[in-house]
Amino acid sequence: MRVSKLFMPTQREIPSDAEIVSHQLMLRAGLMKKIASGIYSFLPMGYRAYRKVENIVREEMDRAGAQELIMPAILPAEVYMASGRWDKFGQEMFRLQDRGGRQFCLGPTHEEPFTEAVRDNIKSYRQLPFTLYQIQHKYRDEKRPRFGVMRAREFVMKDAYSFDADEAGLDISYKAMYEAYCRIFDRCGLDYILVDADSGAMGGSGSQEFMVKSLVGEDAIAYCSSCGYAANEEKAVCIASEPAVPAALQEIEKIHTPHVKTIEELMAFMKASPKEFVKTILYSIDGKIVAVMVRGDREINETKLSNLFDANDLALASFADVERVTGAAVGFAGPVAFKGDVELIADQEVAVMVNFIVGANETDYHLKNVNFIRDFKPARVVDIRTIEAGDPCPVCGLPVETCRGIEVGHIFKLGTKYSDALNCKFLDQAGQEKSMIMGCYGIGVGRTLAAIIEQHYDANGIVWPLATAPYQAIVVPTNTGDETISAVGEDIHSRLEKAGVEVLLDDRPERPGVKFKDADLIGIPLRVTVGRKAVEGIVEYKERATGVVIEMTVEEAVAKIVGQVKALG
RNA sequence: CGAGGUGUAGCGCAGUUGGUAGCGCGCCUGCUUUGGGAGCAGGAUGUCGGGAGUUCGAGUCUCUUCACCUCGACCA
């Protein structure tokens with residue numbers, strides 16, 4: 001392919017609305033163009049790289065025995081009504097009507113149509129198990145699209161669904177997908193980590209996420225380098241620590257704390273550490289008021305809280321509700337003496353504290369020397385806080401570390417959540433009707449592409465791994481006005497093309513510097529520079545990733561590049 | 001949804017108390033140049049996001065609306 005004919009609008013300047021490196025580079029290198037917030041076109045260079053990733057995904061899905069199909073992106077409301085998700089998705093779902101006023105949506109995820117398709121066609125255990133997948137556009141009206149294709153409103157997802165007769169079968173299907181995912185992300189050249197994840201709105205019994213380690217990742221991860229435990233911070237289990245100093249319970253004491261509402265203010269006022277306080281935060285969960293207690297320096301984990309109540313709607317309680325149930329201004333809530341129906345939840349850590357400070361449920365007062373059980377009895381004592389770096393690992397007890405990650409893949413054991421809801425049943429060997437056991441498995445293709453760039457760039461631009469590069473090699477004649485240089489460049493280009501290498505020839509009448517900058521920006525892994533020594537049959541071979549530069553003959557350069565491309569398999 | 005910010009040429013931006021719309025890069029023509037975003041000369045390109053208002057006159061002031069970005073909240 002000739003660069004002179006290529007639709008590749010590279011830009012010298014960083015687009016002003018791109019925040020992270022991968023987004024900036026995807027725009028600068030002419031990989032894509034924004035149409036609206038969270039909605040992008042892939043241009044030829046970007047689409048080639050995108051298809052590389054997509055094909056890796058497809059090859060590994062096929063190798064794992066999954067069967068590809070394609071569902072419509074536009075789906076009738078009834079499909080999602082049966083599972084209750086027509087309402088549950090809320091505003092995140094793009095909705096539309098046909099001319100007859102019938103309701104449709106643009107599919108945000110496809111558990112329902114897949115389950116329906118299987119329900120209507122599979123009746124016997126003899127036909128199980130199998131796994132279906134598609135690589136298709138998904139639509140979610142995100143409140144805040146961000147970071148280019150990292151969190152887009154239209155994005156491509158590979159979604160797979162497994163159907164098994166029993167749990168043991170699901171384990172096998174799940175493992176096959178797990179292994180396929182590892183191969184996919186290995187082939188994409190990604191440094192990733194597998195973490196335990198919350199099942200969230202998808203439901204189900206267990207799930208894991210494939211996280212690409214990155215400072216710009218939207219998810220927080222806690223991991224233990226000693227035993228290998230790793231979990232999304234939403235999910236990471238906290239274990240209760242022992243009380244620091246066993247102490248005798250002291251008498252409760254009411255302290256006048258005028259205008260002292262926050263933990264910071266309280267610390268300064270009482271000259272004490274936040275570890276001596278317990279904060280009580282009020283939530284409104286599906287219309288009910290819940291008070292949650294955690295140590296002063298801890299954060300409440302709203303995912304754990306939501307799961308505890310199987311909540312549809314969870315938010316901090318309104319100021320009015322806080323004042324009503326505590327009888328005090330916001331900032332003085334405590335566990336002793338609520339007015340009205342309030343469920344009290346205490347973090348397990350609170351249960352091992354003694355003589356701590358809490359709000360008095362009275363404006364401008366706190367209580368000192370408050371103690372668990374003696375002074376209040378929570379309805380439940382559970383793990384409700386968010387893990388922090390240095391906390392004990394729930395498996396081995398050694399301190400955990402934290403980092404950030406980009407979620408590129410997610411695998412779930414769904415169980416019978418959708419097969420029950422949609423009546424997807426089969427007859428087993430004994431003639432008994434049973435719900436199919438399902439799993440679902442997603443990979444964000446565009447997000448994976450962005451994650452690859454996020455892990456493979458330098459000051460000059462993208463540094464594509466050979467497996468996902470839009471073109472594998474580029475031939476750069478330094479002076480197209482020189483007949484020898486030009487001819488040698490053409491020769492190398494056509495030889496590589498014949499050998500099956502995806503190769504560009506930068507035949508533009510530009511100065512060498514311009515061509516080098518563009519080649520680096522778009523990140524082509526292998527480069528052959530044809531310069532003055534072309535008359536002697538000598539060219540320069542250069543690797544983008546390593547910076548290795550070697551002078552060699554035309555034959556050697558061609559052989560070296562063909563060899564590397566063949567080695568890809 | 002809350003707070004803040006930005007919309008002027010393909011991209012990045014300037015535009016003073018209201019008075020003929022600018023700069024850099026890119027683009028086109030010519031000459032020169034040819035190993036890391038060259039030089040000279042000439043040239044093209046604008047609903048100043050949209051609408052309404054104030055004014056003799058609005059990119060600039062007022063109102064309104066749309067779009068986009070950031071932080072927060074929320075979230076498969």
Per [X] side chain, nearest of listed nucleotides [options]:
| X | options | result |
| --- | --- | --- |
| A:Pro15 | B:rG12, B:rC75, B:rU34 | B:rG12 |
| A:Lys34 | B:rC68, B:rG37, B:rA76 | B:rC68 |
| A:Thr478 | B:rC74, B:rG36, B:rG35 | B:rG35 |
| A:Asp17 | B:rC68, B:rU34, B:rA76 | B:rC68 |
| A:Gln11 | B:rC75, B:rU34, B:rC11 | B:rC11 |
| A:Glu92 | B:rG35, B:rC75, B:rC69 | B:rC75 |
| A:Arg144 | B:rC71, B:rA76, B:rG35 | B:rC71 |
| A:Ser16 | B:rC74, B:rC13, B:rG37 | B:rC13 |
| A:Arg12 | B:rA73, B:rC25, B:rC13 | B:rC25 |
| A:Glu19 | B:rU34, B:rU70, B:rG35 | B:rU70 |

What does the list of N/O pairs under 3.5 Å between the protein and nucleotides 41-45 of chain B look like, with a distance for each?
none

Selection residues 527-558 of chain A - residue pairs positive for ring-ring contact (aromatic ring centres under 6.0 Å, His included), sequence neighbours left out: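 Checked against ring-ring contact (aromatic ring centres under 6.0 Å, His included) - neighbours excluded - no pair reaches residues 527-558 of chain A.
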Between A:Lys515 and B:rU34, does any side-chain N or O lie under 4.0 Å from OP1 or OP2?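 Negative; the distance criterion is not met.
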Counting just side-chain N and O atoms, does A:Arg511 come under 4.0 Å of either OP1 or OP2 of B:rA38?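 Checking A:Arg511 against B:rA38: at least one side-chain N or O falls below 4.0 Å of OP1 or OP2.
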Does a distance-only test, which skips hydrogens and angles, find a donor-acceptor pair under 3.5 Å between the side chain of [X] and the base of [N]?
| X | N | answer |
| --- | --- | --- |
| A:Asn479 | B:rG35 | no |
| A:Lys542 | B:rG36 | yes |
| A:Glu510 | B:rG37 | no |
| A:Asn460 | B:rG36 | no |

For B:rG12 versus B:rA41, give the span between their C1' atoms, rounded off to a whole number of Å.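 Their C1' atoms lie roughly 26 Å apart.
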C1' atoms of B:rU17 and B:rU55, separation to the nearest Å: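 Nearest-Å result for B:rU17 against B:rU55 at atom C1': 15 Å.
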Positive for side-chain contact (heavy atoms from CB on, under 4.5 Å) with A:Met211, one of A:Ile406, A:Val408, A:Ile221: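 For A:Met211, the side-chain contact (heavy atoms from CB on, under 4.5 Å) check succeeds only for A:Ile221.
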Taking A:Gln24 for its side chain and A:Ala18 for its backbone only, find out whether a donor-acceptor pair lies under 3.5 Å.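 A pair under 3.5 Å: yes.
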Does any N or O in the side chain of A:Gln472 come within less than 3.5 Å of the main-chain N or O of A:Val503, such that one atom is a donor and the other an acceptor?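 No; zero donor-acceptor contacts below 3.5 Å.
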Identify whether any heavy atom of [X] sits under 4.0 Å from a base atom; if not, whether one sits that close to sugar-phosphate; answer base, sugar-phosphate or nothing.
| X | answer |
| --- | --- |
| A:Asp520 | base |
| A:Arg527 | base |
| A:Thr529 | base |
| A:Met157 | base |
| A:Arg447 | nothing |
| A:Asp482 | nothing |
| A:Leu314 | nothing |

Scan side-chain atoms only and decide if A:Tyr139 and A:Asp141 contain a donor-acceptor pair under the 3.5 Å cut-off.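 Note: A:Tyr139 and A:Asp141 side chains miss the donor-acceptor criterion.
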Could you tell me whether A:Tyr441 and A:Tyr181 have their ring centroids closer than 6.0 angstrom?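 No, the ring of A:Tyr441 stays outside the 6.0 Å limit from the ring of A:Tyr181, centre to centre.
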Between A:Tyr50 and A:Tyr47, is the ring centre distance below 6.0 Å?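 Centroid distance A:Tyr50-A:Tyr47: below 6.0 Å, so yes.
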What's the spacing between A:Lys542 NZ and A:Asp520 CG if we round to 0.5 Å?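 These two atoms lie 6.0 Å from each other.
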Intra- and interstrand pairs of RNA chain B - dot-bracket, Watson-Crick/G-U under 3.5 Å, | marks other strand: (((((((..((((.....[..)))).((((((.....)))))).....(((((..]....))))))))))))....
Given atom CD of A:Gln91 and atom P of B:rC74, what is their separation to the nearest angstrom?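 That distance rounds to 16 Å.
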Tell me: CZ of A:Phe516 to P of B:rU34, nearest whole Å?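 Distance check: A:Phe516 CZ to B:rU34 P gives 15 Å.
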Salt bridge between [X] and [Y], side-chain N to carboxylate O under 4.0 Å?
| X | Y | answer |
| --- | --- | --- |
| A:Glu54 | A:Lys158 | no |
| A:Arg2 | A:Glu490 | yes |
| A:Glu218 | A:Arg146 | yes |

